**Q** 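One structure, as structure tokens, below. Some questions next.
Values reported hereafter were calculated over all heavy atoms of this structure, with side chains retained and with hydrogens, waters and symmetry mates removed. All values reported here derive from a predicted model rather than from experimental measurement.
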Amino acid sequence: MKNGLNREDYWLLTPIDKALIEAKSRVNRLGFAVLLVFFRDRGRFPRIGSEIDGNWVKELASRFNLEGALDYAAIINGRTAERYRAEIRLRFCFREATVNDADMLTDWLRDHAVADAFGDFEKLFAIFELRCRELAIELPSADRIERIVRASINAHDEKFYSRIYARLSPITCTQLDDLLRSNKEVTDQVIEEKAINTSAVILQLRSNPGRPNLASILDELANLELIKKIDLPGDLFEQVSTHQLERYRRQVEVEAPFELRRHPNPIRMTLLAAFVHLRGRSLTDGLVDLLIETIHHIGARAERKVERELLDDLKRVTGKHNLLFELADAALGKPDGIVRDVVFPVVQEETLRNLVKEWKATGPIYRTTLRTVIRNSYKGHYRRMVPKLLEILDFRSNNDHHRPVIQALDLIKRYSETQLQTFPTKEDVPLDGVVRGLWREAVVEKDADGHPRVNRITYEVAVLEALRSKLRCKEIWVIGANRYRNPDDDLPADFEENCSAYYQALNLPVEADNFIAELQTEMRQALTQLDIGLPKNPKVKLSKKGGGWITLTPLDAQPNPPNLIALKAELTTKWPMTSLLDIIKEADLRLGFTDVLKSPTSHETMDRKILQPRLLLCLHGLGTNAGLQRMAGLQSGITAKDLAYIRHRYISADNLRQAIAIVSNGTLKARNPSIWGEGTTACASDSKHFGAWDQNLTTQWHVRYGGRGIMIYWHVERNSLCIHSQLKSPSSSEVASMIEGVIHHCTEMEVDRQYVDSHGQSTIAFAFCRLLGFQLLPRLKAIHSQKLYRPESGKPGDYLNLQLILSKPIDWELIRQQYNQIVKYTTALRLGTAETEAILRRFTRNNVQHPTYKALAELGKAIKTIFLCRYLHDEALRREINEGLNVIEQWNGATDFVFFARRGELTSNRREDHEVSMLSLHLLQNCMVYINTLMLQQVIAEPHWMDRLTARDLAALTPLIWEHVNPYGRFDLDMNARIPLH
């Protein structure tokens, strides 16, 4: 049954229940008992026979000695069943739902559930069921429930539309309507202030920022200026969830301007207002990203230019110390001689010239040249953006330590319209905390009278570099942004009021002393275990090299599984060259994941029987990178234009994540525990580089991968099922991606062990993972240089065998002082009050003086010490981590097979297209894992395989195989043809 057969209390019957059953005739007792227990469990009666599990009926009959066979048709449609239903309703004090009940439930859902459910039908169905139980109303039919839920959503939206529309002034409504007008209809003033080349203003606002450069910044500034001119009330959406606004924004994104114009005024104004509200925040974030990257590119380009110019002159001279002594000896031997006669015979003239060139290229000449190139580049090209930037963006800081940067920005803004070369002497120009060493000597210059003056252009460059540094760690934030908003808004607002509940949710003690005492005990035990076991551990050696060096012997190779090759061969024989498109179709016919791929608009007119094959063709084209054009014309009556419409209307990142969750959960439920083991809780994560077009903010050139592209960060559990995927830029934090995937994946799996490589770990990561309740288990590349920390200042004899790699003791007092703040940030990560990367942005090396960062670093050192002791002591743990990471390496190999077209390059500049392609690939591979799981279980269930697989075979068995899969060729889709699976 739905609530699980394993609960013993599920089978308990009260004396009243037993009396009712015994009062029936012997042949009807089983049928009555089935109806009674089913109704008690679900709040309704079975509607079709397949809802009643035969094994469950046998268990029920066995427990209560109920004889006879169950007549499924009679208990569902018979007249006796009608009488039994009435009796059972009376037993539980339930009644059938009436028309008035439907109206009442619609109103209740509208007022109490729709806003919090974010349009999630499954969640609303669950809330509806719970409410019916509270009111003792029998659940109506599924179709009626769906009508009630949809009516409640529509009623909520209509009420919301009217409320928002009533708060908008006529001027604001006119401004919003102007977004839907063509350029020729827009006023000359708007055209003059913002040159728009598209047919409607809103189409320009939908566009994504280009690559980091001046033109992209100016375009985004113009878009943001247009948004800011729309006079929305500041608190218009104050009590509205972001998820609800995203639903409205998505509708504006998919509808053409002429479709938006057709909506009644309240609907049209609300949709556009929600779009403008969210678009303003995303534009602000994009503008800050562009600013950060552009400032970086100014310096990076200057460095490359200076290095190219000096490289030809640079010829490193070896043996400079010997040359110095030879020069000194020659000069002292003939102090009154001529240089050409005395020095050049000892050291050649060309060698001395090379020495001078090397000094210029590496000494102060290089720094001076670099400053000059950066300043000239800024003055001649980039400086145009500063006045507009400071006018549009409002920078703030909550920390007095960073106030000088804010004051410097105000100073630049005041003088942005002047032609002065230097600031007036009366101005108090902030230098400390603003101008770093490279620029300090260049900013201050002397005037004709010898008085110090601050050069405006040089000062602006220094201020922008300081601003970039502070924005990256959120010590300076921007009003109206989302990711770069006030960092205090990232934290739960009710933390102080609900402190105990938040500590309990994290399973942490409220008192810092208890937390610290537990951690100290763990450290002592781990260090003692490693110290005692080290002399008997031949795989680990410590030496004095490099101030303490760990030598770790590589793991021995595992024996080859004896039967897996034959197992895969039999699977390939049974299902040879199975089309990948058929695999996706079979998974959908079994799990129905395309049901969640819905349009964000109010109504859908397309029949799902027509829509389903088109969705599958789109998903296959996107997930293989073959494109929609390749899928078109291969199914009767379907064109590329039809598929493009389906892609635009029905396939979004949020919908795809729901579909992935359905396939993932379906795979977990379909697994045979005797083959795959009991529920897995271990997961591995890593990123893979994909080539991509670079006219966007996500794509970056990365020297490690030798080209431009983006990264996809995967979370794959031990049996090759991917539970989460993220799109990220190559330079963004892998730690943030790792934590995000563990705590916010969309499956029923709970992760308690997370395997990563060196890029996915840090001391801060160790701290947060411990607080969030899972173990971080990295495979450390630089294991030789790792250090262990002491739990306290110890005696010289403590941990005698570990002295070579022991470092200073942990500063527990710092952790004690910041414990509450640490838990507060951890709670923010758990609840998702802000993006994980936005929260972790505060805890980087750019913000090393932050007290909470210092405390987290100390906590991370303590937890990392515990891990390192276990890692070095236990070879089984090292092998477990290595095998976990091998799984994700195999997943990355499968992506090359599935995402085969166009050399695996993402041919779009839109981040949303990149994300949809990524999630489609994720969905396709999970479908392959699901169908392969069923295929392998069917083969293994055959008699000649029953006892053939060894423990080594089962340990190495994976459903992520593709020798029998064909992603190429003709893409014919027959919805009536099925893969022969039990």
**Q** Taking only Lys NZ, Arg NE, NH1 and NH2, and the carboxylate oxygens of Asp or Glu, determine whether R403 and D400 approach each other closer than 4.0 Å.
**A** yes

**Q** Using the ring of each side chain (for Trp, its six-membered ring), is W714 parallel, tilted or perpendicular to W891, with breaks at 30° and 60°?
**A** perpendicular

**Q** Please determine whether a side-chain nitrogen of the Lys or Arg among K854 and E858 lies less than 4.0 Å from a carboxylate oxygen of the Asp or Glu.
**A**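 A salt bridge is absent here (no side-chain N lies under 4.0 Å from a carboxylate O).
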
**Q** What I want to find out is whether K728 reaches E837 closely enough, with some N-O distance under 4.0 Å, to be called a salt bridge.
**A** no

**Q** When you check the gap from the basic side-chain N to the acidic O, do K688 and D686 get nearer than 4.0 Å?
**A**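 Looking at D686 together with K688, the answer is no, because their closest N to O distance does not fall below 4.0 Å.
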
**Q** Hey, which of V751, N507, L506, T827 is the one that makes side-chain contact (heavy atoms from CB on, under 4.5 Å) with L772?
**A**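 Per the side-chain contact (heavy atoms from CB on, under 4.5 Å) rule, the option paired with L772 is L506, out of V751, N507, L506, T827.
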
**Q** Do other residues, nucleotides or ligands put more than 12 heavy atoms under 6.0 Å from E750 CD?
**A**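 Count not over threshold, so no.
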
**Q** Working note: F843 + Y825, criterion ring pair (Phe, Tyr, Trp, His ring centres under 6.0 Å); need CA distance, chi angles, decisive distance, verdict.
**A** CA-CA 11 Å; F843 307 118; Y825 279 102; 4.9 Å; yes

**Q** With the threshold set at 4.0 Å, does a side-chain nitrogen-carboxylate oxygen contact exist between R440 and D432?
**A**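 Salt bridge: yes.
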
**Q** Could you report the tightest heavy-atom contact between M523 and A862, atom names first, then the distance?
**A**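 In this case the closest contact between M523 and A862 is SD-CB, 3.6 Å.
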
**Q** What are the two closest heavy atoms between L919 and S725, and how far apart are they?
**A**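 Looking at all heavy atoms of both residues, the closest pair is CD2-OG, 3.4 Å.
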
**Q** Looking at R753 and E717, is any side-chain nitrogen of the basic one under 4.0 Å from a carboxylate oxygen of the acidic one?
**A** no

**Q** Apply side chain to side chain contact (heavy atoms under 4.5 Å, CB included) to the pair Q754 and M738, showing each step before the final yes or no.
**A** CA-CA 9 Å; Q754 179 65 32; M738 178 271 295; 3.9 Å; yes

**Q** Out of the candidates L788, T865, N801, only one should pair with L530 under the side-chain contact (heavy atoms from CB on, under 4.5 Å) rule; please name it.
**A**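 Among L788, T865, N801, the one that satisfies the side-chain contact (heavy atoms from CB on, under 4.5 Å) with L530 is L788.
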
**Q** Do other residues, nucleotides or ligands put more than 12 heavy atoms under 6.0 Å from Q239 CD?
**A** no

**Q** May I ask you to check whether Y503 and Y819 place their ring centers less than 6.0 Å from one another?
**A** yes

**Q** Does the distance from a Lys or Arg side-chain N to an Asp or Glu carboxylate O, for E441 and R371, drop under 4.0 Å?
**A**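 Yes.
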
**Q** Should the pair D285-R485 be classified as a salt bridge under the 4.0 Å nitrogen-to-oxygen rule?
**A** no

**Q** Has R472 got more than 12 heavy atoms of other residues, nucleotides or ligands less than 6.0 Å from its CZ?
**A**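 Incorrect, the count does not exceed 12.
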
**Q** Ion pair present between D757 and K781, side-chain N to carboxylate O less than 4.0 angstrom?
**A** no

**Q** Measure across E734 and Y713 and return the closest heavy-atom pair with its distance rounded to 0.1 Å.
**A** OE1-CE1, 3.5 Å

**Q** Identify the two heavy atoms, one from N820 and one from C499, that lie closest to each other, and give their separation to 0.1 Å.
**A**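 So the minimum-distance heavy-atom pair works out to OD1-SG, 3.9 Å.
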
**Q** Does the side chain of E465 pick up a donor-acceptor pair with the side chain of W439 at under 3.5 Å?
**A**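 The criterion, which ignores hydrogens and geometry beyond distance, is satisfied for W439 and E465.
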
**Q** Any non-hydrogen side-chain atom of E293 less than 4.5 Å from a side-chain atom of Q700?
**A**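 Counting from C-beta outward, E293 and Q700 do come under 4.5 Å.
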
